[in-house]
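By convention in this document, chain letters (A, B, ...) are assigned in the order of the sequence lines, proteins followed by strands, and residues within each chain are numbered from 1.
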Amino acid sequence: MITPSQTVGPFFGHALPYETGPDLVPDGYPGAITVTGRVLDGAGEPVPDALLELWLGETGTRGVLRRDGEGASGFGRCATAPDGTYRFRTARPAGPYLALLVFARGLLRAVATRVYLQDGPDPLLDSLEPERRATLVAREDGDVYRFDVRLQGEGETVFLEF
Amino acid sequence: MTHPPNLSPAYRSTILRAPSRPAVAFKTDPDAIELTSPVFGHQEVGALDADLTRQHAGEPIGERIIVTGRILDSSGRPIRNTLVEAWQANAAGRYAHEGDRHPAPLDPNFTGAGRCLTDDEGRYRFVTIKPGAYPWRNHHNAWRPAHIHFSVFGTAFTQRLVTQMYFPGDPLFPFDPILQSVPDAAARERLVAAFDLDVTEPEWALGYRFDVVLGRTPTED
């Protein structure tokens with residue numbers, strides 16, 4: 001008998017985010033990339049009180065909550081700024097995508113999606129119509145990958161049920 | 001259905017934020033990274049992180065309580081060494097969060113955030129104070145029943161759960177659109193902790209039991 005989900009609410013900022021949460025790798029980590037973007041609601045307005053979690057599939061050698069140890073961590077957490085932006089600094093994943101969860105006031109359950117660093121043959125991407133497919137592929141700009149999350153409406157991000 | 005639907009208009013914040021399309025269900029391959037979860041080291045969580053009454057110089061005002069339970073998979077097996085985070089308002093119903101404008105007093109001895117790792121039986125345990133109910137602006141005379149927020153990881157990213165624990169017998173239950181967003185009455189009951197005299201410590205603190213059961217992972221199907 002599974003426990004139901006409830007919203008993270010508006011007041012998690014003193015509890016869940018931690019200072020090094022968005023930085024999965026230390027400064028100067030070779031080959032590090034930035035994954036950044038905005039979370040937008042159905043009116044196209046920024047969501048200033050969302051929490052995002054990024055997962056690369058391996059815990060890594062650097063701590064998750066305390067970023068001690070060498071190398072990279074596989075988990076990051078970032079709250080959105082008042083303009084709805086988030087920003088992670090991470091190593092590249094072993095595969096083509098990173099897993100992303102979004103929590104927010106007004107989301108009764110977290111939404112799950114994937115950030116693909118580039119388009120290419122993929123069982124999930126290939127199952128989607130072109131416009132829907134495009135919502136999962138980040139825009140590459142040097143070592144910066146831009147990925148907006150549109151919770152609702154035009155250009156709504158593809159969310160996943162496992 | 002266990003989980004609330006995305007759109008639950010009585011909870012107004014869902015109206016512009018709920019995805020309008022159903023989530024895409026697809027058969028994950030065994031290498032899908034969502035089938036794994038971060039592993040937390042014991043050195044990452046402090047011994048006092050689970051005692052919300054001992055994070056400041058003095059003791060917080062309020063009714064001291066113990067909240068404990070187990071984190072289980074859908075087959076009832078314990079999930080060991082997983083991170084459980086909890087956060088809440090103080091006894092007056094005010095969060096230590098700059099966005100909370102409720103004119104109730106802050107408590108300098110209470111932040112209201114804790115975390116711990118589960119033991120070999122999947123058990124977690126927090127010492128805290130009972131949070132107060134508080135008003136919110138969702139509708140006229142809207143009040144949230146007292147609750148503690150929980151965040152749980154599990155063994156797969158697909159199991160990641162954030163929820164809220166309520167206290168038994170709260171008269172605000174029928175009026176709360178967040179609790180009532182869970183359509184099934186039996187499922188709502190699973191969000192209500194049980195008072196437990198065995199957890200209660202004489203001359204010291206009331207005890208509540210709250211188990212969390214995470215969803216099936218695709219590999220269990």
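A/Gln152 places a side-chain N or O within donor-acceptor distance of the main-chain N or O of B/Ile15, the cut-off being under 3.5 Å. A donor-acceptor pair is defined here as one N or O able to donate and one able to accept, closer than 3.5 Å; no such pair exists between the side chain of B/Glu34 and the backbone of A/Phe162. With B/Arg17 contributing its side chain and A/Gly42 its backbone, the two residues share no donor-acceptor pair below 3.5 Å. In terms of modelled atom types and a separation under 3.5 Å, the side chain of B/Thr36 and the main chain of A/Gly57 share a donor-acceptor contact. A donor-acceptor pair is defined here as one N or O able to donate and one able to accept, closer than 3.5 Å; no such pair exists between the side chain of B/Glu85 and the backbone of A/Ala15. Proximity of a side-chain donor or acceptor of B/Trp87 to a complementary backbone N or O of A/Gly13 within less than 3.5 Å is not detected. Of the possible polar contacts, none joining the A/Glu161 side chain to the B/Phe26 backbone as a donor-acceptor pair under 3.5 Å is found.
Neither the backbone nor the side chain of B/Ala156 comes within contact range of chain A; no heavy atom of the residue lies under 4.5 Å from a heavy atom of that chain. Proximity to chain B (any heavy atom under 4.5 Å) is shown, for A/Arg150, by neither the backbone nor the side chain. For A/Ala112, no part lies near chain B; criterion is any non-hydrogen pair under 4.5 Å. Proximity to chain B involves both the backbone and the side chain of A/Ala43, based on heavy atoms less than 4.5 angstrom apart. Heavy atoms of A/Arg105 lying under 4.5 Å from chain B belong to its backbone as well as its side chain. Residue B/Asp100 touches chain A through both its backbone and its side chain, counting heavy-atom pairs closer than 4.5 Å. Looking at B/Gln88, only its backbone comes within 4.5 Å of chain A, counting heavy atoms on both sides. Of the two parts of B/Arg115, only the side chain, counted from C-beta on, holds a non-hydrogen atom closer than 4.5 Å to a non-hydrogen atom of chain A.
The most heavy-atom pairs under 4.5 Å with chain A, out of B/Pro38, B/Ala96, B/Ala89, come from B/Pro38. With chain A as partner, the option from B/Asp29, B/Val182, B/Asp31 having the largest number of non-hydrogen pairs under 4.5 angstrom is B/Val182. Heavy-atom pairs under 4.5 Å with chain A were tallied for B/Val212, B/Asp211, B/Leu191, B/Asp184; the largest tally goes to B/Leu191. Of all the listed residues (A/Leu128, A/Leu56, A/Val111, A/Leu16), the one sharing the greatest number of non-hydrogen pairs under 4.5 Å with chain B is A/Leu16. Here A/Asp49 is the residue among A/Leu40, A/Asp49, A/Val39, A/Thr113 with the most heavy-atom pairs under 4.5 Å with chain B.
The shortest distance between side-chain heavy atoms of B/Pro19 and A/Leu107 falls below 4.5 Å. With a 4.5 Å cut-off on side-chain heavy atoms, B/Val45 and A/Leu65 count as touching. The closest side-chain heavy-atom distance from B/His149 to A/Val8 is not below 4.5 Å. Side-chain contact check for A/Thr7 versus B/Thr14: every heavy-atom pair is 4.5 Å or farther apart. Counting only heavy atoms from C-beta outward, the side chains of A/Val158 and B/Arg21 never approach each other to under 4.5 Å. Residues A/Thr3 and B/Leu214 have side chains not in contact (no heavy-atom distance under 4.5 Å, counting atoms from C-beta outward). A 4.5 Å side-chain heavy-atom check between A/Ser5 and B/His3 finds at least one atom pair inside the cut-off. Contact annotation: the side chain of A/Arg132 approaches that of B/Val24 to within less than 4.5 Å [non-hydrogen atoms, C-beta and beyond].
Across all non-hydrogen atoms, the minimal contact from B/Phe157 to A/Ala99 is CD2-CB, 4.0 Å. In terms of heavy-atom proximity, A/Gly106 sits nearest to B/Tyr11 at N-OH, 2.8 Å.
Within 6.0 Å of the CG atom in A/Asp27, the count of heavy atoms belonging to other residues, nucleotides or ligands does not exceed 12. Around CZ of B/Arg188, the count of heavy atoms belonging to other residues, nucleotides or ligands within 6.0 Å exceeds 12. Within a 6.0 Å radius of CG in B/Leu106, more than 12 heavy atoms belonging to other residues, nucleotides or ligands are found.
When each of B/Ser13, B/Pro177, B/Pro4 is checked for a side chain to side chain contact (heavy atoms under 4.5 Å, CB included) with A/Leu108, only B/Pro4 meets the rule.
One distance of note links CE of A/Met1 with OG of B/Ser74; it measures 12.0 Å at 0.5 Å rounding. To the nearest 0.5 Å, atom CH2 of residue A/Trp55 and atom CZ of residue B/Phe153 are 9.5 Å apart. Rounded to the nearest 0.5 Å, atoms CD (A/Glu58) and CD1 (B/Ile33) are 9.5 Å apart. Atom CG in B/Asn6 sits 9.5 Å away from atom CG in A/Leu151 (nearest 0.5 Å). Note: A/Glu53 CD to B/Ser151 OG = 6.5 Å, rounded to the nearest 0.5 Å.
Note on ring orientation: taking the six-membered ring where Trp is involved, the planes of A/Phe11 and B/His97 are tilted (angle from 30° to 60°).
For the residue pair B/Ser20 / A/Glu156, a side-chain donor-acceptor distance below 3.5 Å is found, with atom types taken as modelled.
Here B/Tyr95 and A/Phe12 keep their ring centres 6.0 angstrom or further from each other.
Taking the charged nitrogens against the carboxylate oxygens, B/Glu44 and A/Arg67 have no contact shorter than 4.0 Å, which rules out a salt bridge.
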Chi angles and distances behind the side-chain contact (heavy atoms from CB on, under 4.5 Å) call for B/Val162, A/Gln6: CA-CA 6 Å; B/Val162 165; A/Gln6 295 271 270; over 6 Å; no

